[in-house]
Amino acid sequence: MSAHTASPDTRDDAPPFRYTAALARDIELRWQDWWSEHGTFETPNPAGSLADANLAAARGDKLFVLDMFPYPSGAGLHVGHPLGFIGTDVFARFKRMTGHNVLHTMGFDAFGLPAEQYAVETGQHPAITTDQNITTYRRQLRRLGLAHDPRRSISTTDPDYYRWTQWIFTQIFNAWFDPDAPHDDGVGRGKARPIGELVAEFEIGARPTPDGRDWHTLTTAEQRAVIDGYRLAYVSDAPVNWCPGLGTVVANEEVTADGRSDRGNFPVFKRNMRQWMMRITAYADRLIDDLELLDWTDAIKAMQRNWIGRSEGANVHFPITMNDGRAGDITVFTTRPDTLFGATFMVLAPEHPYVDELTTVDQAAAVADYRRQAASKKDVDRQDENREKTGVWTGAYATNPLSGEQIQIWIADYVLMGYGTGAIMAVPAGDQRDFEFARKFGLPIPAIQEPPAAWFGHRGIEPTIDTSQWPEAFIGDGTYVNSSNDTLDLNGIDNKTDGIATVNAWLEQTGRGEATITYKLRDWLFSRQRYWGEPFPVVYDADGYPHTLPDSMLPVELPETDSFSPRTFDPDDEFSNPESPLDRLDDWVTITLDLGDGPQEYRRDTNVMPQWAGSCWYQLRYCDPSNTEAFIDPVVEEYWVGPQPDARPDHPGGVDLYVGGVEHAVLHLLYARFWHKVLYDLGHLSSKEPYARLFNQGYVQAYAYTDDRGVYVDAKDVEERDGAYFLGDRPVDREYGKMGKSLKNSVSPDEMYDAYGADTLRLYEMATGPLDASRPWETRDVVGMYRFLQRLWRNLIDEQTGECIVVDEPLSDELTKQLHRTIDVVRTEMDALRFNTAIAKLIELNNAVTKLGHTPRAVAEPLVLMAAPLVPHVAEELWRTLGHDDTVTYLPFPEADAQYLVDDTVEVPVQINGKVRSRIVVAAEADRATMEATALADDKVVAAIDGAEPKKIIVVPGRMVNIVV
RNA sequence: GCCCCGGUAGCCCAACGGCAGAGGCAGCGGUCUCAAACACCGUCAAGUGUGGGUUCGAAUCCCACCCGGGGCACCA
């Protein structure tokens, strides 16, 4: 529907000074140059290289507005990308005009898989493609007229930037998590401390070594091993997600629900490998608890809570006897210790280490067979909920610690080794999976709670504790039955909370178990076997122990090489092995350094960091981009992102407004919060959270079309005929989805600049709906905003001569009122990011001016100033035309005079029985009695009531009257 | 299955529990034009997804359900 994007004014007889696309282009390019030359959007800092403390104070209160870090894609921008960028720009510009020192800039998240994949596809070095893409992005963003401070724009690929990413890594590596350390604010415990303090505790014997030996009797290597086991960044040999199709391992957060990589959609396999991990699990509680301090949507908070998956319950020890006669116990994790009396069997994951030691001779063949089957299944398949339950008995028994009964030990693949302890107690009466399993294998299902009558009612059965009558397990609050032993009695308790507390106390008292918490969150797999990322600032000594490099040796620059392509494999080749491109660079890998013990030969780490590393702290660098002494000056940090106790006593600090899509809920947003908290704990930051307020913008969606093979075709080439859609002669099917490359439904902003100009595009994107709503792109609707700008222009400028035609005459009372009401609403709506309603009010005011036939200066000037955040170029031009010579950027936003916001008289509806039957005009401050009397005297009301006696009369002063008859 | 978000005119969207309409698109009629496009002026348009409930009064609050979008899911 390329025809739609042609400019509406293609004729050649347009008035010479009409606001056309060509004129808009001229104005926009001119002002963009002017802003650059004058450094209009440069924002002063309180200290450091960008300091101008006086100017900062003059600008007003600080405000940090941030867009999610864009990846500069090779395809350039489409009109969906800038939705959030324009929103933050309008907000930031508005706030500048209401007395704020606003920090707003944009850099590039240019390391990582997408950038590298693009380079591999195009056969060019990623450094080249990345530079090109950033250049394209900068051009397209500049063309939008975004008021960014260009001095603060950074790229994660700049050595000056990743020097500090590497420095932060060394901070994390050289730190450990002390679960007992009190927080700085005195509330709660658990924080990161420098690793040196741990060493000191071992040395003076304040902390016992893991195996109890005296620290000083350990060999140096043993001491290293102990210390490394505490670090927040550590090398671990554990199950990781190996993705042969990408040639690298990836984090849990990068694996989709169906077991594939979120980049490239390749299969992912669980494999034991030696990899760098980040101990994010240590922060699980704080990452959940501090969500309370954040002004984020409930949806995002829920996603983070869900991902961290904190689950409170108890570990319970079930005594067993091994095949060799040794006594032991199997520990299970349960969230329902109150149902322990109903545990009639136990299920181990097939991989559980005790299986061999428990399986009886009779069952050995069946168990071996089952384990083989389970091993051949992928995790994804094992987790398909609809699968029929399978499992085999090991032949062994455990003792239920509460009932004392002997219960069978089974293995089944619905129990996962990676969660809890890899073993469960099965309570078939109280857990649906266990219920199904017990039914299938004929295991006992004793009732341990009596469900409420309603439960039976819903299922159409009579209340009974004979579970053979039950269609499913009962989960909820019910009165306990069959739940007592000599020292514990739950019978009669009617709710879970009390039941759980009672059992937990008994477990701890008797040593049979203890209350505990488990998490779904795993440690963050941090190394990638790729080229295009930050090298680890790590070398290994002759004994294989890792050392971080001192600050003076940073950055570790990514070595130049032409063989940057990773070794990738058949995506299904599970048993392939990663090969990092840096491994091939022998000259680089081997290095002689003096790390304090004299020159020695070391081997560099050849992994690179994941894409998410650079985005964990970029907003801090925006604050202080050229600091060579620190990643951020503490004074600057406190100014821009420090806590604001005036706003609320427990304000955590962080960016004032962060706008981006919802897709980073458990990736970037979780990792960034984690790094921020570590840096806070180590005393480098005053803020404990990176993003105080998060706003999720909607997506721009568009129709997409598939041909008869189901392949997407270019939406631009599709035509509509008689309600059907065709590509040439071939009919195509219409779909609808997020604009982008994959659906081939992108519209480029360049097309919009050519047809209408950037101001129209900005206005259209903001007018189509509230910022958090997804909306369809309709190119043919854009013209509405273009017409508005043309009318605004025509109200101020003669289209034939280009002269300013505003007149100096007083405003009518009516227009004065409308102006002040508009100001009032526009201020409120812009402040709340509801630009669509602000725009509607401006159009209304402009339409009123149009009707006047001439434009008084007293309305023209505030109209231009109010439009300025939305359409900055044309606003600057009109402001010039009005005879001023300053930029509108820092002019005060118009203020409404309260006296014009109230009416002397109001028209209010009169309802009879809730239906509007008439309207009356009363004084605005008329009291109830006056309104009631006026209403009852109204002709239509008299007629409607028809002599009936009102039963009740409701009067809302200034609003309405309702007469009930 | 569970958790979020949303369903108002042909379309996109407004509406402190109080007159369903601010704005835009499309449609229709007109002005301009040889004609058209552009521009301008005017105009039409739904009773708010469905069913209950609370209330003097419900798009708005509550309950159940339907539809669309997003997230999570043998998590013990």
Side-chain angles (χ1 to χ4, degrees), chain A residues 6-11 13-15 18 20 257 297-303 305-307 309 311 313 332-336 347 382-387 389 412-416 418-427 431-434 436-437 518-520 662-663 665-666 696 698-699 701 736-738 763-764 767-770 772-788 790-791 794 799 825 834 836-844 847 850-851 907-919 950-954 956 959-965:
Chain A
S7 181
D9 25 50
T10 44
R11 78 220 168 283
D13 59 340
R18 171 164 291 179
T20 61
T297 64
D298 288 341
I300 293 273
K301 289 185 183 182
M303 282 187 230
R305 281 196 196 96
N306 221 328
W307 189 259
S311 171
V332 305
F333 174 74
T334 176
T335 55
R336 293 292 304 274
V347 187
R382 276 178 62 167
Q383 291 176 29
D384 179 357
E385 204 176 336
N386 300 320
R387 265 178 64 228
K389 297 274 177 291
D413 63 7
Y414 78 89
V415 177
L416 307 173
Y419 184 78
T421 60
I424 62 161
M425 63 175 204
V427 181
D431 182 286
Q432 187 57 24
R433 288 157 309 173
D434 299 343
E436 288 167 21
F437 195 85
T518 63
Y519 302 88
K520 196 184 116 184
V662 76
E663 69 270 17
V666 295
N696 296 114
Y699 296 118
Q701 302 183 300
Y736 182 63
K738 187 178 165 187
L763 203 53
Y764 170 72
T768 42
D772 54 354
S774 290
R775 73 285 306 270
W777 178 267
E778 283 287 1
T779 297
R780 62 181 180 187
D781 286 2
V782 178
V783 70
M785 292 303 116
Y786 180 67
R787 287 178 189 148
F788 162 52
Q790 282 190 332
R791 284 198 297 273
R794 198 181 297 121
E799 289 190 327
V825 173
R834 289 189 295 259
N836 53 328
T837 47
I839 291 167
K841 278 287 165 193
L842 292 176
I843 292 175
E844 225 179 328
N847 287 348
T850 305
K851 281 202 174 69
E907 189 187 66
V908 300
V910 182
Q911 301 176 345
I912 313 286
N913 294 335
K915 299 272 184 271
V916 178
R917 297 297 184 205
S918 183
R919 291 164 222 280
K951 284 188 204 140
K952 187 172 180 183
I953 299 178
I954 298 110
V956 182
R959 300 209 63 103
M960 49 75 66
V961 179
N962 187 12
I963 301 166
V964 184
V965 295

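First the proteins, then the strands, lettered A, B, ... as listed; each starts at 1.
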Of all the choices, [options], which nucleotide is nearest to the side chain of [X] once you look at every atom?
X	options	answer
A:T850	B:rA26, B:rC41, B:rA76	B:rC41
A:D781	B:rC56, B:rC25, B:rC12	B:rC25
A:P770	B:rA76, B:rA14, B:rC74	B:rA14
A:R433	B:rG18, B:rA14, B:rC74	B:rC74
A:R787	B:rA14, B:rA26, B:rC56	B:rA26
A:S311	B:rA39, B:rC12, B:rA76	B:rA76
A:R775	B:rC13, B:rC25, B:rA76	B:rC13
A:I843	B:rG24, B:rA76, B:rC38	B:rG24
A:I954	B:rG24, B:rA22, B:rG18	B:rG18
A:M303	B:rA76, B:rG71, B:rC12	B:rG71

**Item:** side-chain N/O A:R791 vs B:rC40 OP1/OP2, d < 4.0 Å
**Value:** yes
**Request:** Would you indicate, yes or no, if B:rG24 has its OP1 or OP2 atom less than 4.0 angstrom from a side-chain nitrogen or oxygen of A:R780?
**Result:** no
Over all strands shown, is [X] touching base, sugar-phosphate only, or nothing at heavy-atom distances under 4.0 angstrom?
X	answer
A:V964	sugar-phosphate
A:A840	base
A:T518	nothing
A:S774	sugar-phosphate
A:E844	sugar-phosphate

**Prompt:** By salt bridge (charged side-chain N to carboxylate O under 4.0 Å, His left out), which residues pair with A:R834, not counting sequence neighbours?
**Reply:** A:E829
Record whether the side chain of [X] comes under 3.5 Å of the base of [N] through a donor-acceptor pair of N or O atoms.
X	N	result
A:Q701	B:rG69	no
A:K951	B:rC56	no
A:N962	B:rC56	yes

For nucleotides 29-31 of chain B, tabulate all protein N/O to nucleotide N/O atom pairs closer than 3.5 Å, reporting atom names and distance.
none

Provide the Watson-Crick or G-U wobble partner of [N], both distances under 3.5 Å; none if there is no partner.
N	result
B:rG29	B:rC41
B:rC34	none
B:rA73	none
B:rG68	B:rC5
B:rG57	none
B:rA15	none

Rounded [atom1] spacing from [N] to [M] in Å:
N	M	atom1	answer
B:rA20	B:rC63	P	26 Å
B:rA45	B:rC13	C1'	15 Å
B:rC25	B:rC56	P	43 Å
B:rU60	B:rA9	P	15 Å
B:rU54	B:rA58	C1'	10 Å
B:rU55	B:rG17	C1'	9 Å
B:rU8	B:rC67	C1'	16 Å
B:rA35	B:rG30	P	13 Å

Under a 4.5 Å cut-off applied to non-hydrogen side-chain atoms, are [X] and [Y] in contact?
X	Y	value
A:N962	A:K952	no
A:V825	A:T837	no
A:Y764	A:W777	yes
A:Y414	A:I424	yes

Given atom [atom1] of [X] and atom [atom2] of [N], what is their separation to the nearest angstrom?
X	N	atom1	atom2	value
A:L842	B:rG24	CG	C1'	14 Å
A:I963	B:rG18	CD1	P	19 Å
A:M785	B:rC13	CE	C1'	11 Å
A:W307	B:rC2	CH2	P	22 Å
A:L416	B:rA73	CG	C1'	12 Å
A:N696	B:rC4	CG	P	16 Å
A:F788	B:rC25	CZ	P	12 Å

**Fill in**
Contacts of A:T518 meeting side chain to side chain donor-acceptor pair (under 3.5 Å) (sequence neighbours excluded), chain-then-number -> A:Y419
**Prompt:** Which residues satisfy the side chain to side chain donor-acceptor pair (under 3.5 Å) test with A:R336, sequence neighbours excluded?
**Reply:**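 Counting only residues at least two positions away or on another chain, A:R336 forms a side chain to side chain donor-acceptor pair (under 3.5 Å) with A:D338, A:Q449.
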**Request:** Report the residue (A:I300 or A:K851) whose heavy-atom-nearest nucleotide on RNA chain B is the more 5′ of the two.
**Result:**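 That would be A:I300.
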**Prompt:** Starting at the 5' end of RNA chain B, which residue's closest nucleotide do you reach first, A:N836 or A:K520?
**Reply:**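 First, find each residue's nearest nucleotide; the 5'-ward one identifies A:N836.
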**Message:** Holding to side chain to side chain contact (heavy atoms under 4.5 Å, CB included), I want the full list of residues that pass it with A:A302, two or more places apart in sequence or in another chain.
**Reply:**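 Partners of A:A302 under the side chain to side chain contact (heavy atoms under 4.5 Å, CB included) test: none.
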**Partner residues of A:V662 under the side chain to side chain contact (heavy atoms under 4.5 Å, CB included) criterion, sequence neighbours left out** = A:I300, A:M303, A:N696, A:Y699
**Prompt:** Quick one: does A:R775's side chain have a donor or acceptor within less than 3.5 Å of a partner on A:A773's backbone?
**Reply:** yes
**Asked** Does A:E844 come within less than 4.0 Å of A:K841, counting only side-chain N to carboxylate O?
**Response** yes
